[in-house]
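Below: one structure, written as structure tokens.
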Amino acid sequence: MASKKKRVFLTGASGFIGSHLVPSLVSDGWEVTTFIHHQSLPHALKGKNVKTIRGELGDLNLLRRCISKVDAICHAAAFLPPDYEDPRYAETCLQINGIATLRIAELAAELHKDRLIFFSSAQIYNASKKPMKEHEPCFPSQKATYYLGSKLMGELYVEHLRLLRQLPAVTLRIGACFGYGMPERSVVSKFMKRAYQNLPLEIFGGGKATADYVYVEDVAQLTLAALRTGAPGIYNAG
């Protein structure tokens, strides 16, 4: 696909994963239309094959115009609440991570796009000490429920349209992503900062928490592969 100068619409381009996707997509031969909200696209990501649109995910007319001009969609935008345990953010999580995902998927199906890539989270699985496969139960009731519940809702919408209307959609359940530009509140960032300062590492919850870490550049390369080929469906990215 990419060798024919295909065009891709990328939401969340100024975010952690999105900012790594932009140069990877351009290097792979894609013409990228980035969709951003508050933050500006870093200057280093701007170039002749990158176009920037600023707007709201709730603006369906703007989304339709953008999506109608591309071949594929990478939906990486998400609302990350300042406090994952605060129920006041539940409505915003559902609106942006759930309903906005549905609208984008509906447009992708209606306009017959080649591929939709939706970025979800591997933390939606039930707590387990063993590696989780894609068919394992998902019920994020123990932590970050308002955020993870909204990501699971987005998955359900995408999968429903894939099954009902043959939408060529791929959902990537991404593990704990790390790399350059990662959020400062991530555990890897905190550990690296304290280690650099020769301070002891602070471990919360008695050290019982587990996570599946994945390098952000590997996620970018996996996304390129998912745009080119492979059966639609849900895949772990860990």
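If you read the sequence from its start, that first residue is 1, and numbering goes on from there.
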Using side-chain hydrogen bond (donor to acceptor under 3.5 Å, both in side chains) as the criterion, list what pairs up with [X], not counting sequence neighbours.
X	answer
Glu159	Arg162
His20	Glu217
Gln95	none

Closest approach of [X] and [Y], non-hydrogen atoms and distance?
X	Y	answer
Ala108	Ile73	CB-CD1, 3.6 Å
Tyr157	Gly98	CD1-O, 3.4 Å
Pro140	Leu152	CD-CD2, 4.0 Å
Pro183	Ser189	O-CB, 3.5 Å
Phe16	Tyr180	CE1-O, 3.3 Å
Arg185	Pro82	NH1-O, 3.3 Å

Are [X] and [Y] side-chain neighbours, meaning at least one heavy-atom pair lies under 4.5 Å?
X	Y	result
Leu57	His37	no
Leu80	Tyr147	yes
Leu227	Lys6	no
Phe119	Leu21	yes
Val170	Tyr235	yes
Leu102	Leu161	yes

> To the nearest 0.5 Å, what is the distance between CZ (Arg115) and OG1 (Thr223)?
Replying inline: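 Arg115 CZ to Thr223 OG1: 11.5 Å, rounded to 0.5 Å.
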For residues 193-200, run the donor-acceptor check on the side chains, cut-off 3.5 Å, and write out each pair with its distance to 0.1 Å, sequence neighbours left out.
unit_1 : atom_1 : unit_2 : atom_2 : d
Arg194 : NE     : Pro200 : O      : 2.6
Arg194 : NH2    : Pro200 : O      : 3.1

- Identify, with sequence neighbours excluded, every residue that meets salt bridge (Lys or Arg N to Asp or Glu O under 4.0 Å) alongside Arg64.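 With sequence neighbours excluded, Arg64 shows a salt bridge (Lys or Arg N to Asp or Glu O under 4.0 Å) to Glu110, given in chain and number order.
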**Request:** Mind running side chain to side chain contact (heavy atoms under 4.5 Å, CB included) on Val8 and Thr33 for me, showing each step along the way?
**Result:** CA-CA 6 Å; Val8 63; Thr33 297; over 6 Å; no
query: With sequence neighbours left out, what residues match Pro137 under side-chain contact (heavy atoms from CB on, under 4.5 Å)?
result: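 Listed in chain order: Asn126.
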[Y]/[X] salt bridge by N-O under 4.0 Å criterion:
X	Y	answer
Arg173	Glu155	yes
Asp71	Lys113	no
Glu136	Lys133	no

Q.
If only side-chain N and O atoms count, and only distance matters, is there a donor-acceptor pair under 3.5 Å linking Asp83 with Tyr146?
A.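 No - no donor-acceptor pair under 3.5 Å links their side chains.
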Classify the ring geometry between Phe178 and Tyr213 as parallel (under 30°), tilted (30 to 60°) or perpendicular (over 60°).
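Rings of Phe178 and Tyr213: perpendicular, over 60°.
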